[in-house]
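These notes concern the structure reproduced below.
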4 protein chains.
Amino acid sequence: MAALVRGSRNLLRSFGQHVGLALVSSRALASKTPVGFIGLGNMGDPMAKNLLKHGYPVIASDIFPESCKEIQDMGAQILDSPAEVADKADRIITMLPSSPNVIEVYTGPNGILKKVKKGSLLIDSSTIDPAVSKEMALAAEKMGAVFMDAPVSGGVGAASSGKLTFMVGGAEEEFNAAKELLTCMGANVVYCGAVGTGQAAKICNNMLLAIGMIGTAETMNLGIRLGLDPKLLAQILNMSSGRCWSSDAYNPVPGVMEGVPSANSYQGGFGTTLMAKDLGLAQNSATNTKTAVPLGSLAHQIYRMMCARGYAKKDFSSVFQFLREEESQ
Amino acid sequence: MAALVRGSRNLLRSFGQHVGLALVSSRALASKTPVGFIGLGNMGDPMAKNLLKHGYPVIASDIFPESCKEIQDMGAQILDSPAEVADKADRIITMLPSSPNVIEVYTGPNGILKKVKKGSLLIDSSTIDPAVSKEMALAAEKMGAVFMDAPVSGGVGAASSGKLTFMVGGAEEEFNAAKELLTCMGANVVYCGAVGTGQAAKICNNMLLAIGMIGTAETMNLGIRLGLDPKLLAQILNMSSGRCWSSDAYNPVPGVMEGVPSANSYQGGFGTTLMAKDLGLAQNSATNTKTAVPLGSLAHQIYRMMCARGYAKKDFSSVFQFLREEESQ
Amino acid sequence: MAALVRGSRNLLRSFGQHVGLALVSSRALASKTPVGFIGLGNMGDPMAKNLLKHGYPVIASDIFPESCKEIQDMGAQILDSPAEVADKADRIITMLPSSPNVIEVYTGPNGILKKVKKGSLLIDSSTIDPAVSKEMALAAEKMGAVFMDAPVSGGVGAASSGKLTFMVGGAEEEFNAAKELLTCMGANVVYCGAVGTGQAAKICNNMLLAIGMIGTAETMNLGIRLGLDPKLLAQILNMSSGRCWSSDAYNPVPGVMEGVPSANSYQGGFGTTLMAKDLGLAQNSATNTKTAVPLGSLAHQIYRMMCARGYAKKDFSSVFQFLREEESQ
Amino acid sequence: MAALVRGSRNLLRSFGQHVGLALVSSRALASKTPVGFIGLGNMGDPMAKNLLKHGYPVIASDIFPESCKEIQDMGAQILDSPAEVADKADRIITMLPSSPNVIEVYTGPNGILKKVKKGSLLIDSSTIDPAVSKEMALAAEKMGAVFMDAPVSGGVGAASSGKLTFMVGGAEEEFNAAKELLTCMGANVVYCGAVGTGQAAKICNNMLLAIGMIGTAETMNLGIRLGLDPKLLAQILNMSSGRCWSSDAYNPVPGVMEGVPSANSYQGGFGTTLMAKDLGLAQNSATNTKTAVPLGSLAHQIYRMMCARGYAKKDFSSVFQFLREEESQ
């Protein structure tokens, strides 16, 4: 749950207000008609189950047939390809590991766009390059369909409990239609702007998160070396201008907080590999837009080095451990 | 007010409790006996005036006699050197620009330690290298005096209104005696540990502050380039794991918040030069303790570059402007 | 001439030897049959002229018809599109600004591959992402053609005088056929390995070049501040382990060397924008291959900041000036 | 031998010419009178032995008496403290681990300056902060003595074989007197300017060396990942603008060169800890002079991280291994 969103009720209300009434399309009226779902991995599977629980018939597909077993037992219909799903459902959610998978699932030979119906709503919850989201939106538009990007924050736990946060990019008049489905799977659904801005919001947040986490780890480490008690230092930071989510909600130093990965040998949480992936997306976006992101770029490199030195599967707060002097030295 | 501390009542109560009763020395009973004050600059002058306002006779000195005029008119006695002040007062506060000044004022030929009385309490509120604080404490101890470091957070405004925060390092049994004076000048007085830990807490906080500020500037810049509305992006970050003091209390993007330097052409606030100085102290401490601080180190370099490129006197949040593409391009 | 290659005779001889005899194809026998050339910009135009001078009929195309005028007057045939060129010539050289242009020229609706002849040799001298080179090679292979990447080092001057260096990636048995043409335009033709390795060699070189240049600028700047004479410092570095091309052949400090951009207000040479572009390619390749490149990444960010602060068109050695304190301070 | 200096004959001749005739002092005439030597560690011991071999009587001292045993057997006189050495010898060489040791040996209670003779020549070959060298020179001057800084490049091997390079800072008219002694221990003696510039030259060189080494490691690593043969990539870089000492004389990739630490499991050579120390000095000097050294600063951090992750005793070229993906991943 590296990117937990909370206490956002007021904000969301204001979003709701400025969104206004969505155009009432035939699709929107067709509530509880089947929803397509492509990608039943660790995240996609509990998300699709939550759709089922809310009474939506689900028509799903995954390249690994064994991933479909559980949800099939719960009543979902399983088809062989994204194209076949698009043939049956006019609202489809995709949840895939990375950009190439998204490109394949949408524009490949058996992709959604091969058989997509006019007016379909396609929602991609994968975390990918916003430039790819824009490409997919263009390709969908050519087929008369609507594409929105809606990456999530929150991990497997939030996916299971339906407490994800969705950051949504796409045409504003389609937002309510998307929200109807997304609220089955998440506690917060935030409208971010044009297509790609959902991805942009997510990678921006995670870049700043990574910077704050490494910065907190460095600072705690330095303070401890200078003789400060870690808990006291955390308290001082948290009531001062140094405070950030990583210092006050997810402190990386063992013994400072309970219930966070640093209290549990950096198990669980948000893996270093996943953070490195998101920082790579941020880096690509920065390079494409010629934006200088010196700390974001160095944060990317540090998580890359950690992946190479045995920290790939630990929570990303383990950077505290990575930067510390080894005990044996 | 780069390092504003707030909402710390509960924390301070617990500090108060664990501090316990200070040894009742003859000095502590001598309340309202004269207090020495060395260094009447932008910060020192209003601090000394607050001591006067609380009824303490002040005996002051500054290398620039003209700096003493105002406080003299308010009733302070002005002497020629730190040594002479030490001859008259057994509680002395020093507020000086940097380590060499502190060394000179304490151990120089006309320094405090030349005439310090046994049992005197010497409180240094300058922001300097914690290693120098330790040296001064040792030198004071040899003369039978007690040295504490008590750097402040909060700027000239907080100094005038008596709302500074003091981070105090030194013998715990002397903390209450120091606190009696410091509460005349500040709203929060935090005990940090052994000598030098006050400085350590301050430079740790400011290092993390700088990292958070540059990170926020990069992130806001990237998000804007990717099509996000700056206010919306700030809202999203602030309810997510990317939030930090720089994003939610001091946002560097003009138009996002009111009442902060970014809303006023980056005037006022905490100057880039001062931040570069504090980051230099953090870097020195990290080098001395062999601590890896990659982001803190790069933050130092970025503020150094900004000083070289015309940003020396702007608020440190102007890094947003520094990283942005020039309008003329 | 940012990437001058020199003194490589022995190396090339050994390359020649290990390359062995190329398969004698009908195309190789067809020497002095027409050569296609797409992209007549600052670099492409003098390169195509050198082909003409060596007696090769040239069939050229450029999206800007006015770019074709000079070479048309020298006898080249001008066609409307890459596809038409491919219809007439079975050896084609492309020299384009960036990856999207290459993708368009090869795989676009009027691209080379629309009409390419079986067995054609397609040589791309653009500097692009090696991953794109591999994609183009695959697409060409499907049409029965051979694609090689052959980016150059050396600037407009070297292009005019036929002194470029080509770094060539592709099937080894086709290297001699490519070399026959490339030697008309360059002094060195180096075989690097499979498709994409020409690009890889170029971006690797330029990444290390940028690191060496910034490092030299920092070091010279620091030495000068510490009281060293710049010429003397350069001499010491150049006879020591600090030496690099940027210190001994292209020193960035005005007054140290003659005939380099630093002696001419950083005019001419290799522009900061171009270096930023190449570092962006290096960054992309590093991100794709999950390679940690901390200094390369920071070098990228520094050139990005320079572009944002008015250095876009100056030679990349102007980083010395960028890092220096401003005179007015 | 991280900082090997070679092929410097012509340069040195010109130094000799511009140095001119040194003032003939009584001390200069006193050739083969005893020379003091303080600090008989790994470097100092073989250096002092070379003075003996050249016929100079040596009067030595070290805080570890057992370090003096070998040289005592070779005929050196051993005294208890630097002060006593200064009482007997008017030319003294010091070779100590770091700044605090130098301060102690010169200005401590049993330090050289307690008993130094007027007109003595004091040469410090330690690698320390140039600011400390300047302080020592001032302190020596007050006692009527001359202090010069003369740090070395070259390791234990060069110290044994008398092939060190000395970079000398101090009064130019004393250079020849210093050179007379230093040539017994080194192959090159380079005059750098005022006191402190010897240190400045050394730390500048080593900062650029570290940048070049990490840059080479990153570049080779990236190239290999992109499919280039390491030997071929090294050849290409070395004939191009990417070349540097680390790529062409000390390549960090196992298998590319022979006779370097990378060919021997990174044993021998110049240890990561020592490089981190020198980069710390460079960082301090940069902070003191407010010089932006972004890559030098990051290089420092990287070597600091390596020290924390088990690379402390390996040669500094092991950064190639540190940045590489672990085999087990």
Side-chain angles (χ1 to χ4, degrees), chain B residues 97-100 103-104 107 109 127-129 131-132 134-135 138 142 203 206-207 210-211 214 218 271-313 319 322-323, chain D residues 97-100 103-104 107 109 127-129 131-132 134-135 138 142 203 206-207 210-211 214 218 271-313 319 322-323:
Chain B
S98 64
S99 297
I103 293 170
E104 179 71 17
T107 64
T127 295
I128 60 168
D129 191 326
V132 173
K134 287 182 191 171
E135 278 178 41
L138 272 178
K142 282 184 191 165
I203 64 182
N206 282 11
M207 185 174 91
I211 292 168
I214 300 174
E218 293 178 11
T272 289
T273 311
L274 290 171
M275 182 52 99
K277 178 207 158 195
D278 287 1
L279 290 168
L281 291 173
Q283 184 61 57
N284 285 349
S285 294
T287 301
N288 290 341
T289 56
K290 301 187 179 174
T291 310
V293 290
L295 296 193
S297 188
L298 183 52
H300 178 210
Q301 297 301 314
I302 290 170
Y303 279 110
R304 204 52 87 195
M305 285 188 246
M306 287 175 66
C307 288
R309 301 245 62 77
Y311 287 77
K313 288 170 188 165
V319 63
F322 175 72
L323 293 174
Chain D
S98 65
S99 297
I103 293 171
E104 180 71 16
T107 65
T127 295
I128 59 167
D129 191 326
V132 173
K134 286 181 191 171
E135 278 177 41
L138 272 177
K142 282 185 190 163
I203 66 182
N206 282 13
M207 185 174 89
I211 292 169
I214 301 174
E218 293 179 11
T272 288
T273 310
L274 290 171
M275 181 51 98
K277 178 206 159 194
D278 286 3
L279 290 169
L281 292 173
Q283 184 60 57
N284 285 349
S285 294
T287 301
N288 290 340
T289 57
K290 302 185 179 177
T291 310
V293 290
L295 296 192
S297 189
L298 183 51
H300 179 210
Q301 296 301 314
I302 291 169
Y303 278 111
R304 203 53 86 194
M305 286 187 247
M306 287 174 66
C307 288
R309 302 244 62 78
Y311 288 77
K313 289 171 187 166
V319 64
F322 176 72
L323 294 173

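In what follows, chains are A, B, ... by sequence order, proteins preceding strands, each numbered from 1.
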Rounded distance (nearest 0.5 Å) linking atom OG1 of Thr287(B) with atom CZ of Arg304(D) =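 Between atom OG1 of Thr287(B) and atom CZ of Arg304(D) there are 6.5 Å.
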request  = For Ala292(D) and Met305(B), work out which heavy atoms get closest and say how close.
outcome  = CB-CG, 3.8 Å
query = Any idea which of Pro294(B), Ala286(B), Gly280(B) has the most non-hydrogen atom pairs under 4.5 angstrom with chain D?
reply = Pro294(B)
ask   = Of all residues at least two apart in sequence or in a different chain, which pass the side chain to side chain donor-acceptor pair (under 3.5 Å) check with Thr289(B)?
value = Thr291(B)
